[in-house]
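Here the structure comes first, spelled out in structure tokens, and everything after it is commentary.
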There are 2 protein chains.
Amino acid sequence: MSHQTQLSQRLHRQLGDLLSELSPGDRLPSEPKLSKAFGVSRATLREAMRTFETQGLIQRRQGVGTFVVHPPGVMDAGLEVLESIETLAERIGLEVSMGAYEVEVRPATASQLSLLKEPELLYVSRVIEAEGRPVAFLEDTLPLSVLSKEELLADFTGSVLDFLLKRGDPSLATSETEIQAVATETHIARALHIQCGDVVLRLQGTLYSAEGAVVALSQSHFLPGYFRFRLLRRVGALEKGQRF
Amino acid sequence: MSHQTQLSQRLHRQLGDLLSELSPGDRLPSEPKLSKAFGVSRATLREAMRTFETQGLIQRRQGVGTFVVHPPGVMDAGLEVLESIETLAERIGLEVSMGAYEVEVRPATASQLSLLKEPELLYVSRVIEAEGRPVAFLEDTLPLSVLSKEELLADFTGSVLDFLLKRGDPSLATSETEIQAVATETHIARALHIQCGDVVLRLQGTLYSAEGAVVALSQSHFLPGYFRFRLLRRVGALEKGQRF
DNA sequence: TTACACTGAGTTGTCAGACAACTTGACCGG
DNA sequence: CCGGTCAAGTTGTCTGACAACTCAGTGTAA
């Protein structure tokens, strides 16, 4: 059964393991050697390497070799990966617990309607606490066709994202996220126990399924100082392989 | 001269153009058809597609086809691409001008020394103004071996990043960036004309060359409300092709 | 009619081997 | 000492083939 489907994953992991043992500037073995060592064809190996190159972790120079720019591990823990707050908090060494939460059905606003295309939406909010005080306030809004109130409450561990991933039904792909520092509105200030108008970090995301449909809208507010988000940015413009 | 070197770039652009004309959920032509249409082999085409797949723009399903998740253009304007503030501001429709700036040589702090490995560093700071008031304060610190004060001042247009890119000498690769909402220190508050302790958005970056060496440290502070950063996040964990 | 196994066309995944383009260092002749 | 030439090693690309998979359609049996 399915040796094949897992080949690229296995290879990706092997290559990642190798990279994580190397330091920036180190040179990788040549492609023929690597492909033989991993037991795959050179074409397959090259595709795997390409993923790391796209992420800016390695750099290839024709006639010279392939070099490590950044070992992984850094970016695998970065913002570019979408994950639940619980996972994130654990990573950055913050002990968190879920505070008050709310699950209810609400009518869609105009902007929500245009994106989610349903008049009634499931609204889930929750407060994340650390060191005894609220540090984050998370809100998710999604169509009832994706997730009903009863279904969620039957097995609600805290994260809507985790729930959807576990169920696997709408296979999730990406989230387009906007990062801002904003002055809090009243209902958010109340949840976080801060003054209305205080500045917090806001992540506003649009979650897409693999089919390209909008699955959910999320809005997360973080108290300054408790969370730090990392990100690996690549040099754009005229550099090789880049668009435009 | 060099037909080859530009092939993958050309193909990448062509494929990007094609994707930008499609909508989420659309299906791409099959790989044999596409490779013939673009005049490249299937292997080469697949490597190009892999870059888009890595970025979460398309999804491939064995036995079914390849589908558009996100057309590009969205993420080409995103945070994952490192670019100068001037370019960024123009993109988001904000007219900016450079205010006061400062270029001087400073002794390295302990943390700077461990990263940049030089006792004396070039420090460049500048204020960005929009609508007649300061909205961002940018600081760059880099070794004198990378850039001397005289060299920079001879052709300083405002952005150290643009300068380095134009010169091309240390070929830049990536920047590891940390995003936080923090209370301002005094010198930053003074530059931005706000109260010490007010919350601003901070991007702290470590710039790496293609060889993996640390080229510069940057610290940018943004006034809330003027800048919004976008980002395309991919679903992590157990999903296909992901590490771990 | 309905349920189910099967088949076949079309797709992506992987493979092997080959050649082209490029870089680098060594070698050699001036 | 300098510069040109060459050869080895590397990445880039091509070709053709086969494997694995999905899905719709078909036919058969209940």
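Here is the naming used below: chain letters follow the sequence lines, and residue numbers restart at 1 for every chain. All values below come from the heavy atoms of this structure, side chains included, with hydrogens, waters and symmetry mates left out.
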Carboxylate-amine/guanidinium contact A/Arg126 A/Glu86, below 4.0 Å = yes

request  = Give the rounded distance in Å between these two atoms: CD of B/Glu53 and P of C/dT12.
outcome  = 12 Å

ask   = Please give, in whole Å, the distance from C/dT11 C1' to B/Lys33 NZ?
value = 10 Å

key: Nearest-Å distance for atom pair CD/P, residues B/Gln62 and D/dA19   = 14 Å

query = How close or far is atom P of D/dG9 from atom NZ of A/Lys36, stated in whole angstroms?
reply = 14 Å

task = State, without any angle test, whether B/Thr44 and B/Ser41 hold a side-chain donor-acceptor pair at a distance under 3.5 Å.
result = yes

inquiry  = Check B/Glu178 with A/Arg230, please: is the shortest side-chain N to carboxylate O separation under 4.0 Å?
reply    = no

query = Want to settle it: does B/Gly63 or A/Val64 sit nearer the 5' end of DNA chain C, counting the closest nucleotide to each?
reply = B/Gly63

request  = Check if the side chain of B/Arg42 and the base of D/dG16 share a donor-acceptor pair of N or O atoms closer than 3.5 Å.
outcome  = no

task = Give a yes or no on whether a donor-acceptor pair under 3.5 Å exists between the nucleobase atoms of D/dG12, that is its base, and the side chain of A/Arg61.
result = no

inquiry  = Rounded to whole Å, please give me the gap between CZ in A/Arg50 and C1' in D/dT11.
reply    = 11 Å

query = Under 3.5 Å, is there a donor-acceptor pair linking the side chains of B/Glu118 and B/Ser145?
reply = yes

note = Of the candidates C/dT14, D/dT11, D/dT15, the side chain of A/Arg46 sits closest to D/dT11

note = Closest to the side chain of A/Thr66, out of D/dC21, D/dC23, D/dT11, is D/dT11

query = Over how many whole Å does the gap from B/Arg10 atom CZ to D/dG12 atom C1' extend?
reply = 14 Å

ask   = What integer distance in Å separates A/Glu31:CD from C/dA21:C1'?
value = 14 Å

request  = Figure out the CD/P separation between A/Glu47 and D/dG12, and round it to whole Å.
outcome  = 14 Å

message = Is A/Arg60 close enough to D/dG12 that one of its side-chain N or O atoms is under 4.0 Å from OP1 or OP2 there?
response = yes

message = The side chain of B/Arg27 is closest to which nucleotide in this list: C/dT14, D/dT13, C/dT11?
response = C/dT11

inquiry  = Distance alone, cut at 3.5 Å: any donor-acceptor contact between the side chains of B/Ser114 and B/Ser111?
reply    = no

note = Judged by nearest nucleotide, the residue sitting upstream toward the 5' end of DNA chain C, B/Met49 or A/Ser41, is B/Met49

query = Does a nitrogen or oxygen in the side chain of A/Thr44 sit under 4.0 Å from OP1 or OP2 of C/dC15?
reply = yes

